[in-house]
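Order of listing sets the numbers, starting from 1, for every ligand and every atom in it. Residue indices begin at 1 and follow the sequence shown. All values below were derived from every heavy atom in this structure, side-chain atoms included, with hydrogens, water molecules and symmetry-related copies excluded.
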Amino acid sequence: MSINVYSEVKDLKRVLLHRPGLELENMEPDLLEELLFEDIPYLKKAQQEHDYFAEILRTNGVHVEYVTDLLATALSEDEIKKQFVKEYLDLSEVKNQYILEALEEYLLSFDTKGMINKIVSGVRINEFKLKKENFSTKVRMNKQFYLLPLPNLYFQRDPIAFVGKGIVINKMMTKARRRESLFMKYVVKYNKDFEGTPIYYDMNNHFAIEGGDVLVLTDKVLAIGISQRTEPEAVEKLAKKLFFETDETFDTILAINIPKKRAYMHLDTIFTMVDDDKFLAHSKLESSLLVYVIKKGERDLEVIEEKASLEEILQKYMNNGKIKILKCGGEDEIAAKREQWNDGSNVLAIKPGVVIAYDRNYVTNTLLRENGINVIEIPSSELSRGRGGPRCMSMPMNRG
Ligand SMILES: NC(=[NH2+])NCCC[C@H](N)C(=O)O
């Protein structure tokens, strides 16, 4: 199977998801901020909503894969499984040797699927007794978890990004999510289905980048948000890699400087592509933006600073005078803010002009329809509580 992502809107053929599970039941109010949630979704409903989303994808001809299944296949050999657990624990906050040894033993006592589920849902302090204890273990264990859950895993958009025929394995900005990238790193390395997939960025790099900031506009142009989660150094490194060390067709990156705040989190929180010439964006984004246009020069990157509306910049660099930006929530300021908050701008295109959107954002969805977009709605009362929409919940592997 080869990766093929040269567009945000072309026919979606294969996609990566994670069905939310017990990790949501290990969230409690005191942990919410650290775990990047504002509220606790009700698991049973969240799963029903997620299954509906997956089914809509399937009925539209998209092959759905679950990251935990791909990982289980990758970890089928004991040695690889052990190596994964070691690397996973290295990325966690646990430093105490006795606790590390005990955790390793505990995790490896499960079969592979069970172990992966455990890693995702988190390990509570009361799950097992330490064989060796000392003063520091006592202090360290004065909390609820050895390993915190990964409640954000259902936002498969962020830990990696498939770009062209390769993969960007992200160094994630927050501690809460950093461990997530390891899943697909192991899949690409050890799951035969992904053999030969080139790696364009690795999570061991120092600078952060997250998939929600990476949009593949055409086979030439990428848009990457410089945001709360993605640093300019990471964009620069990726640009050099793509332009000069691969045979990819990309020659332009629009590095869009967006406010470094939670409401703007990733570029795709405020801006998604819905058709060959139509985008949906946060209503406040339209005016003037600073965009660094990174071009493939002869031997080095060439950077031009553009200060104009996003519409003008897209028209110019995508070479399409017809490009139009629709506003999330339309002209109604309150609706714009409400629907933006519930990821009204974060839709997933499955074909040019066909998108999957949360049903709750009805003002935006109506506006999309008035502009000729076919909107397929999915239920959203629980999934939306994690502040991510259909695009955040999915990672395309093949479009075309
Ligand atoms: N691509 C996205 N917009 N992802 C949204 C992720 C939301 C998640 N709770 C976080 O804070 O990381």
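A distance below 6.0 Å separates the ring centres of His282 and Tyr264. Residues Tyr106 and Tyr146 place their aromatic rings such that the two centres sit no closer than 6.0 Å. Aromatic ring centres of Phe84 and Tyr190: separated by at least 6.0 Å. Between Phe271 and Phe279, a ring centre-to-centre spacing shorter than 6.0 Å is recorded.
For atom 2 (C) of ligand 1, the closest non-hydrogen atom on the protein side is Cys392 SG, 2.8 Å. Of the protein's non-hydrogen atoms, the one nearest atom 6 (C) of ligand 1 is Asp158 OD2, 3.4 Å.
At least one N/O-N/O distance between Leu36 and ligand 1 falls below 3.5 Å. On a distance-only criterion, Asn346 and ligand 1 share no N/O pair closer than 3.5 Å.
Of the listed residues (Arg391, Met393, Arg229, Arg387), the one carrying the non-hydrogen atom nearest atom 7 (C) of ligand 1 is Arg387.
Near Gly212, the atoms of ligand 1 lying under 4.0 angstrom from a non-hydrogen atom of the residue are 1 (N). Taking every heavy atom of Phe155 and a limit of under 4.0 angstrom, the matching atoms of ligand 1 come to 6 (C), 7 (C), 8 (C), 9 (N). Near Asn152, meaning under 4.0 Å from one of its heavy atoms, ligand 1 places the atoms 8 (C), 9 (N), 10 (C). Using a 4.0 Å cut-off to heavy atoms of Arg177, the atoms of ligand 1 that qualify are 6 (C), 8 (C), 10 (C), 12 (O). Atoms of ligand 1 found under 4.0 Å from any heavy atom of Thr269 (numbered from 1 in listed order, with element): 3 (N).
At least one heavy atom of Arg262 sits less than 4.0 Å from an atom of ligand 1.
Contact check on Lys113 versus Asp69 returns a salt bridge, with a Lys/Arg side-chain nitrogen under 4.0 Å from an Asp/Glu carboxylate oxygen. Taking the charged nitrogens against the carboxylate oxygens, Glu127 and Lys118 do have a contact shorter than 4.0 Å, which makes a salt bridge. Look at Asp193 and Arg14 and you find a salt bridge, because one of the NZ, NE, NH1 or NH2 atoms lies within 4.0 Å of a carboxylate O, short of that distance.
With Asn60 contributing its side chain and Val62 its backbone, the two residues share no donor-acceptor pair below 3.5 Å.
Under 4.0 angstrom from ligand 1, there are no non-hydrogen atoms of Glu180.
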